[in-house]
Amino acid sequence: MGDLAVENNVSPTLYVVVPCYNEEEVLPETSKRLWQKIRSLIRGGRISTKSRVLFANDGSSDRTWETICELHDNPEYEGVFTGISLSHNRGHQNVLYAGLMAALERGCDVSVSMDADLQDDIDAMDGMLDAYERGANIVYGVRDNRDTDTLFKRGTASAFYSMMRALGTETVPNSADYRLMDVQALEALSRYGEANLFLRGIVPSLGFTTAEVYYRRGERFAGESKYPLKKMVGFAVDGITSFSVTPLRIVTFAGLAFLIISVIMLIYALVSLVIGVAVSGWTSLLVSIWFVGGALMTSLGIVGEYVGKIYIESKHRPRYIVAEELS
Ligand code: UDP
Ligand code: MG
């Protein structure tokens, strides 16, 4: 292990888990920065020499996996880089879970998950380790502001988190998936069997001692966001329907409200008939047909979301398949 081989058995073994989907443009810089970080943490005696950076390749179609293999084989990095590769693109949450489980299997004491694009400030890791040493099992990286996001992303994100809160799901606002989890928290996480993974909701529900570390989130270092609008909407719908049945209840109440409205309408129609006011407009009729149709379709859609969830869960499919693994 060259100059890293300073023996220290008391320090925890850290695994930095980095999901990567088509990240060939950022990996050279990300790996350089992570290497420096890991090396300085090892030298400072804060983490053991068995600590690793585990890249979890999410079925990328570019040279991401080749790059990871090269980093793994490069003697300059003294075996710090390792990786797993999924057989197919399974999405950020699933690949992150796969990476965390691989870290757990390999005997880490503590894991830190972060994005590949260097948006998360690597130096916040020190603060996370401080909190871990003070006894926290889970440490959330919380962004101190959202300056670097587009207005659209900021607006939709805050609407999403308020909605989650209103629906009774615990999340840590302005924290994404940059967080530290120790072995106890990872073991608890490994017991969650659901196929619809929403880590930002599941992790807070694990309990344990938690802490928060604030950091400034930068711009994506290179390449474009791997989270286009379609994936963002899917993520939000999954997040809500995986944790809350409140939308179903809202549908029931809305149905009741419409029932009451229709009774009032019926009385109105009967009264108009008796006092002889001609009901002439087809406009009102047309409007109500569309309105009721729309309300019904929305309701059915919401019910359908849950039925779909049950369908997917009932198949007990594996969440991901690891195709290749580096030592
Ligand atoms: N990612 C992934 N699979 C996907 C989409 C994204 O593993 O299907 C990874 C991506 O490589 C990055 C992280 O998830 O490390 C966050 O993605 P991105 O930075 O594109 O999202 P944004 O910051 O724009 O929300
Ligand atoms: Mg990003």
Side-chain angles (χ1 to χ4, degrees), residues 58 88-97 146 149-177 189 191-207 225-266 268 283-320:
D58 190 13
H88 193 64
N89 180 240
R90 301 290 299 133
H92 182 206
Q93 301 285 296
N94 283 309
V95 73
L96 180 54
Y97 185 85
R146 281 185 168 264
D149 277 350
T150 58
L151 202 61
F152 176 74
K153 192 142 187 162
R154 239 184 292 171
T156 48
S158 89
F160 173 67
Y161 287 110
S162 337
M163 186 141 89
M164 290 293 277
R165 209 161 336 131
L167 295 177
T169 306
E170 246 183 287
T171 55
V172 180
N174 289 326
S175 79
D177 290 295
L189 181 65
R191 302 226 296 269
Y192 279 66
E194 63 209 78
N196 288 288
L197 259 195
F198 183 69
L199 288 173
R200 289 173 206 186
I202 289 175
V203 176
S205 74
L206 294 176
S225 172
K226 308 295 182 285
Y227 258 102
L229 185 61
K230 196 173 146 220
K231 272 193 183 170
M232 252 169 71
V233 172
F235 185 67
V237 171
D238 266 356
I240 291 165
T241 54
S242 299
F243 276 91
S244 168
V245 287
T246 313
L248 282 176
R249 205 160 306 146
I250 295 171
V251 169
T252 316
F253 283 129
L256 282 174
F258 288 137
L259 213 67
I260 294 165
I261 294 172
S262 63
V263 170
I264 296 169
M265 290 303 250
L266 186 73
Y268 168 73
T283 324
S284 55
L285 201 67
L286 208 65
V287 167
S288 25
I289 288 172
W290 279 100
F291 178 68
V292 172
L296 275 176
M297 272 168 73
T298 318
S299 314
L300 274 178
I302 293 175
V303 176
E305 273 295 326
Y306 284 94
V307 174
K309 282 253 136 80
I310 296 168
Y311 171 67
I312 290 177
E313 296 292 352
S314 70
K315 285 192 288 202
H316 295 295
R317 285 188 177 166
R319 256 183 293 238
Y320 54 86

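Residue numbers run from 1 in the order of the sequence given.
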>> Assess the residue pair Leu199 and Gln93 against the criterion (side chain to side chain contact (heavy atoms under 4.5 Å, CB included)); give the C-alpha distance rounded to whole Å, side-chain angles, the decisive distance to 0.1 Å, and a yes or no.
In response: CA-CA 7 Å; Leu199 288 173; Gln93 301 285 296; 3.2 Å; yes
>> Once ring-ring contact (aromatic ring centres under 6.0 Å, His included) is applied, do any residues pair with Phe198, and if so which ones, sequence neighbours excluded?
In response: Phe235
Partners passing side chain to side chain contact (heavy atoms under 4.5 Å, CB included) against [X] (at least two apart in sequence or in another chain):
X      : answer
Thr156 : Phe152, Met232
Ile261 : Phe258, Met265
Val233 : Leu229, Val237
Asn89  : Tyr21, Asp58, Lys231

> Got a second to check how far Ile310's CD1 is from Glu305's CD, nearest 0.5 Å?
Replying inline: 11.5 Å
>> Between Val172 and Arg200, does the side chain to side chain contact (heavy atoms under 4.5 Å, CB included) criterion hold? Intermediate values first, please.
In response: CA-CA 8 Å; Val172 180; Arg200 289 173 206 186; over 6 Å; no
> What closest approach, in Å, do Asn94 and Tyr320 show between heavy atoms, and which atom pair accounts for it?
Replying inline: O-CD2, 4.0 Å
> Can you name the closest pair of heavy atoms from Ser158 and Ser162 and give their distance?
Replying inline: O-OG, 2.6 Å
>> List the residues meeting side-chain hydrogen bond (donor to acceptor under 3.5 Å, both in side chains) with Tyr97, not counting sequence neighbours, and say none if there are none.
In response: Arg319
>> side chain to side chain contact (heavy atoms under 4.5 Å, CB included) for Leu296 and Leu300? Distances and angles first, verdict last.
In response: CA-CA 6 Å; Leu296 275 176; Leu300 274 178; 5.5 Å; no
